[in-house]
Protein chains: 2
Amino acid sequence: MNPHEIIKSYIQRYIEITEEEADYFASCFETARFKKRQYIVQPGFTAKYRNYVLEGAFRSFVVGDQGQESTIEFAIDDWWITDYNSYIFQQPASMFVMALEDSLVLRIDFHKEQELKNANHHFESFFRIIAERALAAHQRRLISNLTLTAEERFTHFETNFPKFMGRVPQYALASFLGMTTEFLSRIRKRRLHNKS
Amino acid sequence: MNPHEIIKSYIQRYIEITEEEADYFASCFETARFKKRQYIVQPGFTAKYRNYVLEGAFRSFVVGDQGQESTIEFAIDDWWITDYNSYIFQQPASMFVMALEDSLVLRIDFHKEQELKNANHHFESFFRIIAERALAAHQRRLISNLTLTAEERFTHFETNFPKFMGRVPQYALASFLGMTTEFLSRIRKRRLHNKS
DNA sequence: GGAATTTCCTAAACTAGTTCATTTTTTTTG
DNA sequence: CAAAAAAAATGAACTAGTTTAGGAAATTCC
């Protein structure tokens with residue numbers, strides 16, 4: 001499938017629209033390629049795009065006072081990524097979004113997205129649905145962060161996001177799960193000896 | 001202002017609609033009173049309503065295997081509360097939502113909300129906007145949970161949500177901030193002696 | 001293909017935050 | 001208003017996770 005077919009089938013998962021509407025929706029996206037380690041969002045600059053990953057992988061993270069990185073989100077094929085606080089409010093970003101691999105994305109410009117939503121009730125619904133789903137997912141993550149131990153968080157990630165395992169570097173996963181690389185390493189070692 | 005005037009002025013903060021549309025919107029809500037410690041959502045039961053707090057205070061929380069409570073959200077006047085995973089997907093809840101004080105809410109039924117969204121593009125926009133804003137807020141919270149120490153999280157809460165201070169019990173705040181009551185107590189004591 | 005850089009691992013010392021057990025204070029309720 | 005229940009405080013022992021430091025693999029890049 002070509003990029004536009006992919007995004008068409010994506011939107012059709014969530015709302016029922018005509019072929020023409022789906023084509024119009026797809027036409028509002030443009031493809032963009034990024035090389036490994038390239039930044040697509042940087043603190044201080046406003047996130048102009050909402051990005052849908054076709055190929056490759058991304059990671060969004062913030063950098064604390066002492067230079068500690070905290071991974072906010074990962075995105076591989078069929079996931080969205082941007083700095084939502086920056087994109088939604090069109091304010092300077094506080095996060096980095098970086099390519100973890102050479103990647104290909106479909107992206108929509110903020111203003112184009114507003115046009116889409118104004119033009120057609122169905123598109124407004126679509127963006128409402130994906131926002132609600134993202135919110136629900138964030139709430140689930142918050143719950144695991146608050147209730148689980150470091151090891152449980154790791155197990156939870158392994159079982160719920162197996163496709164991400166191996167795709168994302170360990171230091172990035174550790175900071176996503178809210179622990180140090182050293183501790184994640186120790187967990188994996190402990191596992192190897194204790195279990196199975 | 002009476003309840004319906006309040007919710008009318010609430011929606012008008014986010015979208016521009018006619019007086020008639022605002023009246024219709026308000027007419028889809030009903031008021032409900034709850035006594036302190038009363039549950040409005042319980043695990044196993046599907047959250048039927050999205051609740052807008054007029055008076056009083058609520059707390060949503062999950063209970064872990066060993067009985068440890070983790071507060072997910074607080075809501076006082078002018079805030080929304082429900083179990084979003086349950087409400088959005090109309091699945092059994094995993095959270096409790098409990099009144100912290102005798103409270104008065106305006107609530108909308110899930111099916112009524114769908115009607116509203118289908119009837120009028122503006123209402124669809126409204127729910128899209130509040131979902132996006134809630135998502136952005138969740139992302140900000142995730143960042144502070146990942147980057148700050150327990151004491152910093154407390155300070156951050158004090159400065160960003162002063163209206164909640166004093167309104168919510170300490171044990172609930174501690175579990176919201178991801179620490180034990182004992183530790184929060186120690187932080188406050190430390191503050192009293194060290195600073196100002 | 002080899003030097004440089006990045007990522008991952010190991011281990012010991014350490015500390016931020018927890019657990020447990022008890023007491024004091026505040027709130028609720030008959 | 002007194003008894004009971006709930007919430008907050010205190011302190012000591014403990015531990016899950018961090019820090020620091022060094023070395024081993026694995027990737028990257030000229």
Side-chain angles (χ1 to χ4, degrees), chain A residues 34-39 56-57 59 61 64-71 74 96 98-102 144-157 164-194, chain B residues 34-39 56-57 59 61 64-71 74 96 98-102 144-157 164-194:
Chain A
F34 299 102
K35 304 208 70 171
K36 185 168 179 173
R37 287 201 187 78
Q38 196 174 343
Y39 292 108
R59 160 184 182 238
F61 61 98
D65 302 336
Q66 279 81 30
Q68 349 76 312
E69 297 184 358
S70 298
T71 299
F74 292 117
F96 292 90
M98 194 184 84
L100 288 171
E101 306 171 359
D102 292 351
S144 29
N145 282 343
L146 286 176
T147 58
L148 306 180
T149 64
E151 178 155 10
E152 288 167 339
R153 257 141 45 214
F154 175 60
T155 309
H156 185 262
F157 185 87
F164 286 81
M165 293 300 299
R167 273 312 261 292
V168 304
Q170 216 125 125
Y171 68 86
L173 178 55
S175 81
F176 177 88
L177 297 173
M179 67 185 81
T180 58
T181 6
E182 291 87 346
F183 196 65
L184 178 54
S185 184
R186 200 153 86 188
I187 287 173
R188 312 183 100 223
K189 191 188 168 192
R190 193 150 68 197
R191 289 282 208 72
L192 232 67
H193 295 315
N194 288 0
Chain B
F34 299 102
K35 304 210 72 173
K36 185 166 179 173
R37 287 202 185 79
Q38 194 174 344
Y39 292 108
R59 161 183 181 237
F61 60 98
D65 302 337
Q66 279 81 30
Q68 349 77 311
E69 297 185 357
S70 298
T71 299
F74 292 117
F96 292 90
M98 194 184 83
L100 290 170
E101 308 170 359
D102 290 352
S144 29
N145 281 342
L146 287 175
T147 58
L148 305 180
T149 63
E151 178 155 11
E152 288 166 340
R153 260 147 35 220
F154 176 60
T155 309
H156 184 263
F157 184 86
F164 286 81
M165 292 300 298
R167 278 303 269 290
V168 303
Q170 217 128 121
Y171 69 84
L173 178 54
S175 81
F176 177 88
L177 295 173
M179 68 185 81
T180 57
T181 5
E182 292 89 341
F183 197 64
L184 178 54
S185 183
R186 199 152 88 187
I187 287 174
R188 313 183 97 222
K189 191 188 169 193
R190 193 151 68 200
R191 289 282 207 72
L192 232 67
H193 294 315
N194 288 359

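Within every chain, numbering begins at 1; the chains are lettered A, B, ... in the order of the sequence lines, protein sequences first and strands thereafter. Keep in mind that what you see is a predicted model, and the values were worked out from it rather than measured.
Within the 4.5 Å cutoff, no side-chain heavy atoms of B/Thr147 are placed close to those of A/Gln68.
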**Study point:** Sugar-phosphate or base contact per nucleotide [nucleotides 4-13 of chain C; S, B, -; heavy atom under 4.0 Å]
**Key:** --SSSSBB--
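Following rounding to the nearest Å, B/Glu101 (CD) and D/dA7 (P) show an atom-to-atom distance of 13 Å. A/Leu100 places its CG atom 16 Å from the C1' atom of D/dT28, with the value rounded to the nearest Å. Put simply, CD1 on B/Ile187 is 18 Å from P on C/dT15, counting in whole angstrom units. Rounded to whole Å, atom C1' of C/dC20 lies 16 Å from atom CD of B/Gln68. Atom CD in B/Gln66 sits roughly 13 Å away from atom C1' in C/dT19 (whole-Å rounding). In this entry the distance linking CG of A/Leu146 with C1' of C/dG17 reads 15 Å, nearest Å. If you take CZ of A/Phe154 and C1' of D/dG17, they are 16 Å apart, rounded to a whole angstrom.
Residues satisfying the side-chain hydrogen bond (donor to acceptor under 3.5 Å, both in side chains) criterion with A/Glu182, sequence neighbours excluded, are absent altogether.
The line from CZ of A/Arg59 to CZ of A/Arg167 is 15.5 Å long, rounded to the nearest 0.5 Å. Going from atom CG of B/Leu177 over to atom CG of B/Leu148 covers 10.0 Å, rounded to the nearest 0.5 Å. The line from CG of A/Leu173 to CZ of A/Phe154 is 6.5 Å long, rounded to the nearest 0.5 Å.
Between A/Phe74 and A/Phe157, the ring planes are perpendicular. Angles over 60° get that label, and only those under 30° would be called parallel.
The stretch residues 173-180 of chain B has no heavy atom under 4.0 angstrom from DNA chain D at all.
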Review point. For B/Thr155 and B/Arg191, what are the C-alpha separation, side-chain angles and deciding distance, and is it a side chain to side chain contact (heavy atoms under 4.5 Å, CB included)?
Key: CA-CA 10 Å; B/Thr155 309; B/Arg191 289 282 207 72; 2.9 Å; yes
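Heavy atoms only, all atoms of each residue included: B/Thr71 and A/Leu146 are closest at O-CD1, 3.5 Å.
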